[in-house]
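Counting from 1, the numbers follow the sequence of the chain as shown.
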Amino acid sequence: MGGDDFDQKVINYIADQFKKDEGIDLRDDMQALQRLKEAAEKAKIELSTTQQTEINLPFIHRRRVRSKHLTMTLGRSRLEQLVDDLVTKSLDPCRAAVERRSG
């Protein structure tokens, strides 16, 4: 488990919201997926020092002559909800490592 796992949670959340709103799964488009990954990494970093961040990806998808834009706000509390299972899974291994080190 690493930073990529946390990023993937954010990517999936953004993609799921966009699919819900627009009916388009951005995970099927490699270029859009790369942009989502970059936006997720940036959002995660920004949320370490702020309560919320804007994700703004203009022209994230083009269907015929019509372009789709992705704009959303992601709050720190939502990020914490998204990654809660990953944090919980990491607690026991962290405790064991601390005990071995201090023991």
Side-chain angles (χ1 to χ4, degrees):
M1 179 170 42
D4 289 342
D5 297 306
F6 288 79
D7 292 343
Q8 193 61 50
K9 292 282 189 170
V10 177
I11 291 166
N12 286 337
Y13 174 75
I14 297 168
D16 289 344
Q17 292 301 309
F18 191 81
K19 185 175 182 180
K20 183 176 127 185
D21 295 342
E22 301 291 340
I24 299 165
D25 192 345
L26 296 174
R27 290 167 285 219
D28 295 335
D29 178 339
M30 293 306 292
Q31 186 175 10
L33 191 56
Q34 180 59 38
R35 291 181 66 199
L36 282 180
K37 181 173 176 38
E38 293 165 2
E41 291 170 353
K42 182 180 176 204
K44 189 177 68 172
I45 291 166
E46 288 179 5
L47 289 172
S48 68
T49 59
T50 62
Q51 291 298 313
Q52 67 181 29
T53 187
E54 285 292 319
I55 298 168
N56 185 8
L57 298 171
F59 306 101
I60 190 69
H61 188 274
R62 185 174 197 117
R63 184 177 272 175
R64 296 189 190 121
V65 295
R66 195 165 163 221
S67 296
K68 296 288 183 178
H69 309 289
L70 186 154
T71 305
M72 68 183 310
T73 300
L74 180 64
R76 185 185 297 173
S77 61
R78 172 65 68 190
L79 175 64
E80 290 170 354
Q81 290 171 349
L82 294 172
V83 301
D84 183 63
D85 64 321
L86 297 175
V87 172
T88 300
K89 278 195 249 182
S90 71
L91 291 178
D92 286 339
C94 287
R95 285 185 189 115
V98 168
E99 287 174 13
R100 281 192 303 267
R101 186 165 184 141
S102 65

May I ask you to decide whether Lys9 forms a salt bridge with Asp84, counting only side-chain N to carboxylate O separations under 4.0 Å?
-> no
Treat each ILVMFWY residue as a node, draw an edge where side-chain heavy atoms are under 4.5 Å apart, and state whether Leu86 and Leu74 are in one component.
-> yes
Is there a donor-acceptor contact under 3.5 Å linking the side chains of Asn12 and Gln8?
-> yes
Would you check if Lys37 and Asp4 make a side-chain contact, meaning some heavy-atom pair closer than 4.5 Å?
-> yes
Roughly how far, to the nearest 0.5 Å, is OH of Tyr13 from CZ of Arg78?
-> 4.0 Å
Measure the spacing between CD1 of Ile14 and CZ of Arg27 and express it to the nearest 0.5 Å.
-> 10.5 Å
Shortest non-hydrogen pair, Thr49 vs Arg76, comes out as C-NH2, 3.5 Å
Does CD belonging to Gln34 count more than 12 external heavy atoms closer than 6.0 Å?
-> yes
What is the distance from atom CD of Glu46 to atom CG of Leu79, rounded to the nearest 0.5 Å?
-> 12.0 Å
Pair Leu70-His61, side-chain contact (heavy atoms from CB on, under 4.5 Å): steps then yes or no | CA-CA 9 Å; Leu70 186 154; His61 188 274; over 6 Å; no
So, for Ile60 and Ala32, which heavy atoms are closest and what is the spacing to 0.1 Å?
-> O-CB, 3.6 Å
Can a salt bridge be assigned to the pair Asp92 and Arg95 using a cut-off of 4.0 Å between side-chain N and carboxylate O?
-> yes
Do Val87 and Leu47 share a hydrophobic cluster (ILVMFWY, side-chain heavy atoms under 4.5 Å, transitive)?
-> yes
Given side-chain contact (heavy atoms from CB on, under 4.5 Å), test Ile11 with Leu33 step by step and report yes or no.
-> CA-CA 8 Å; Ile11 291 166; Leu33 191 56; 4.0 Å; yes
Minimum heavy-atom distance Lys44-Phe6, with the two atoms named | CD-CB, 4.1 Å
Would you say the side-chain atoms of Arg35 pair up with the backbone N or O of Pro58, donor to acceptor, closer than 3.5 Å?
-> yes
Closest heavy-atom contact between Ala40 and Asp7?
-> CB-O, 3.9 Å
List the steps and the verdict of side-chain contact (heavy atoms from CB on, under 4.5 Å) for Leu26 and Leu57.
-> CA-CA 12 Å; Leu26 296 174; Leu57 298 171; over 6 Å; no
For the residue pair Leu82 and Val10, what are the closest heavy atoms and their distance?
-> CD1-CA, 4.4 Å
Of all the heavy-atom pairs spanning Phe18 and Lys68, show the shortest one and how long it is.
-> CZ-CB, 3.8 Å
Value rounded to 0.5 Å, distance of CD in Gln52 from OG in Ser77 = 9.0 Å
